[in-house]
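My questions all concern the structure below.
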Amino acid sequence: MAYRARRRAPAGHWLALGAATLTLGLGLLPGSASAQTSGGHGLQDPATIVAQVQTLLEERAASYPGAVSISVDTPRISNQAACSQLDVFLAGSGGLRSRTSVGVRCLAPQPWTLYVQASIQIIGQYYVASHALNRGVVIGQDDLDLRDGDLLRLRRVISDPAQVVGWITTRYINAGGAIESNALRDPNAIQRGQQVRTVARGAGFVVSGEGQAMESGNPGTQIQVRTPNGQIISGTVMDAYTVQVMM
């Protein structure tokens, strides 16, 4: 009877084979390094996004007179490949709000866009009426008190004295009520229906006239004026009585 000889592999061979099999199996598991790549690029690090969003919001908040607190939500990264050129921008109108959406756009090597939410608080001082103010009052320092609050939540309140002292109320304001920008008008503004002086300037000449403002406007803005003969002209508000027309 013939016997077939069986060769026994060295113990080290089986250990090496087992390690190779284990490595292959791990590479196929969901969530492994191989599974988290797209087109040969790793996924974007969310910490980098958070840092750039934080920097943008700090720069925008620096113009506010108050103590700034910013909290950026960690974005969910699903298929956004690692980016070498990120562009961060404010969504919507571009202004800061208590709850702000910030856009993050990858320009290279693979384009993608996502939005990150952030909470912002700016605690500062703002003006309130020290007593009741009627419509048409020219505000003086004695008409004002200071309060502390979140300037982003209050939104229209005024913290710059140059934007309230000497300005004129356009509605009644209760005692203790916040002085809001939409309740004031610039003392140098022109009101609709007001009689104004027009100054037409051209090469080597200046001609003065009169007219009626067809719309309201602050200094530097363009408004239309009706002249006594019915002609409609456009000019720039110079002060509370004058509109300059360039010829």
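Worth knowing before you read on, the calculation uses all heavy atoms, side chains too, and leaves out hydrogens, waters and symmetry mates.
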query = Should V68 and L154 be counted in the same cluster of Ile, Leu, Val, Met, Phe, Trp and Tyr side chains packed under 4.5 Å apart?
reply = yes
ask   = When hydrophobic residues are tied together by side-chain contacts of less than 4.5 Å, even through go-betweens, does I233 share a cluster with V206?
value = no
query = Any side-chain heavy atom of V116 sitting closer than 4.5 Å to one from V50?
reply = no
inquiry  = For I120, run the side chain to side chain contact (heavy atoms under 4.5 Å, CB included) check against L57, V72, D150 and tell me which one passes.
reply    = L57
message = Testing the basics here: between Q117 and S101, what is the closest heavy-atom pair and its distance to 0.1 Å?
response = NE2-OG, 3.3 Å
Backbone N/O of A118 and side chain of T100: donor-acceptor pair under 3.5 Å = no
task = Write down the atom of G166, the atom of V138, and the distance for their closest heavy-atom approach.
result = O-CG1, 3.7 Å
Shared hydrophobic cluster, Y64 / V164 (ILVMFWY, side-chain heavy atoms < 4.5 Å) = no
query = Which heavy atom in Q191 sits nearest to a heavy atom in A213, and how many Å separate them?
reply = O-CB, 3.6 Å
note = When rounded to the nearest 0.5 Å, the distance separating CD of Q44 from CD1 of I77 is 6.0 Å
request  = Kindly check if the number of other-residue, nucleotide or ligand heavy atoms within 6.0 Å of CD (E210) is above 12?
outcome  = no
request  = For the residue pair R99 and S119, confirm or rule out a side-chain donor-acceptor distance under 3.5 Å.
outcome  = yes
Heavy-atom side-chain contact between P65 and D160 under 4.5 Å = no
message = Does any part of the side chain of Q163, heavy atoms only, come nearer than 4.5 Å to the side chain of S181, both counted from C-beta?
response = no
message = I'd like to check E180 versus Y126 (side-chain heavy atoms, cut-off strictly below 4.5 Å). Are they in contact?
response = no
key: Straight-line distance of I139 CD1 to I179 CD1, nearest 0.5 Å   = 4.5 Å
query = Cluster question for you: counting only ILVMFWY and a side-chain heavy-atom cut-off of under 4.5 Å, with indirect links fine, are V157 and I123 together?
reply = no
task = Look up atom CD in Q212 and atom CD1 in I232, then write down how far apart they are to the nearest 0.5 Å.
result = 9.5 Å
key: Any donor-acceptor N or O pair under 3.5 Å, side chains N218, T221   = no
remark   = The reported gap from CD in Q121 to CD1 in I70 (rounded to nearest 0.5 angstrom) is 11.0 Å
inquiry  = For Y241, I'd like to know if atom OH has over 12 heavy atoms of other residues, nucleotides or ligands within 6.0 Å.
reply    = no
request  = Starting at CD of E215, measure out to CD of Q194 and round the result to the nearest 0.5 Å.
outcome  = 13.0 Å
inquiry  = Tell me if the CG atom of D142 is crowded by more than 12 foreign heavy atoms within 6.0 Å.
reply    = no
note = Closest non-hydrogen atoms of W112 and C83, given as atom of the first, atom of the second and distance, are CZ2-CB, 3.9 Å
key: Minimum side-chain heavy-atom gap L86-V104 below 4.5 Å   = yes
message = To the closest 0.5 Å, what do you measure between CG (L184) and CD1 (I158)?
response = 4.5 Å
request  = Kindly determine whether R226 and Q224 satisfy side-chain contact (heavy atoms from CB on, under 4.5 Å), including the steps that lead there.
outcome  = CA-CA 7 Å; R226 185 191 303 275; Q224 290 187 322; over 6 Å; no
inquiry  = Among I190, T242, V225, exactly one meets side chain to side chain contact (heavy atoms under 4.5 Å, CB included) together with V237. Which residue is that?
reply    = I190
message = Just so I know, are the side chains of H131 and D143 near enough to count as touching, which here means a heavy-atom distance under 4.5 Å?
response = yes
query = Is the side chain of T169 donor-acceptor paired with the backbone N or O of V137 at a distance under 3.5 Å, no angle test?
reply = yes
key: Heavy-atom donor-acceptor pair, S216 side chain to R192 backbone, under 3.5 Å   = yes
4.5 Å side-chain heavy-atom contact, I173 and V128 = no
L96 to L152 - nearest heavy-atom pair and separation = O-CD2, 3.8 Å
query = Can you tell if the side chain of V102 reaches within under 4.5 Å of the side chain of Y115, non-hydrogen atoms only?
reply = no
message = Between S208 (side chain only) and V199 (backbone N and O only), is there a donor and an acceptor less than 3.5 Å apart?
response = no
Closest approach of S98 to R153 (non-hydrogen atoms, all atoms of both residues) = OG-CG, 3.1 Å
inquiry  = Within a 6.0 Å radius of atom CZ on R185, are there more than 12 heavy atoms belonging to other residues, nucleotides or ligands?
reply    = yes
key: Full working for side-chain contact (heavy atoms from CB on, under 4.5 Å) between Y127 and L146   = CA-CA 5 Å; Y127 286 104; L146 281 171; 3.5 Å; yes
query = How about R171: does its CZ atom have over 12 heavy atoms from other parts shown lying under 6.0 Å from it?
reply = yes
message = Determine whether I49 and L114 satisfy the following criterion, side-chain contact (heavy atoms from CB on, under 4.5 Å), listing intermediate values before the conclusion.
response = CA-CA 10 Å; I49 293 177; L114 57 76; 4.3 Å; yes
task = Is it possible for you to say whether V53 and L43 belong to one hydrophobic cluster, with membership spreading through side-chain heavy-atom contacts below 4.5 Å?
result = yes
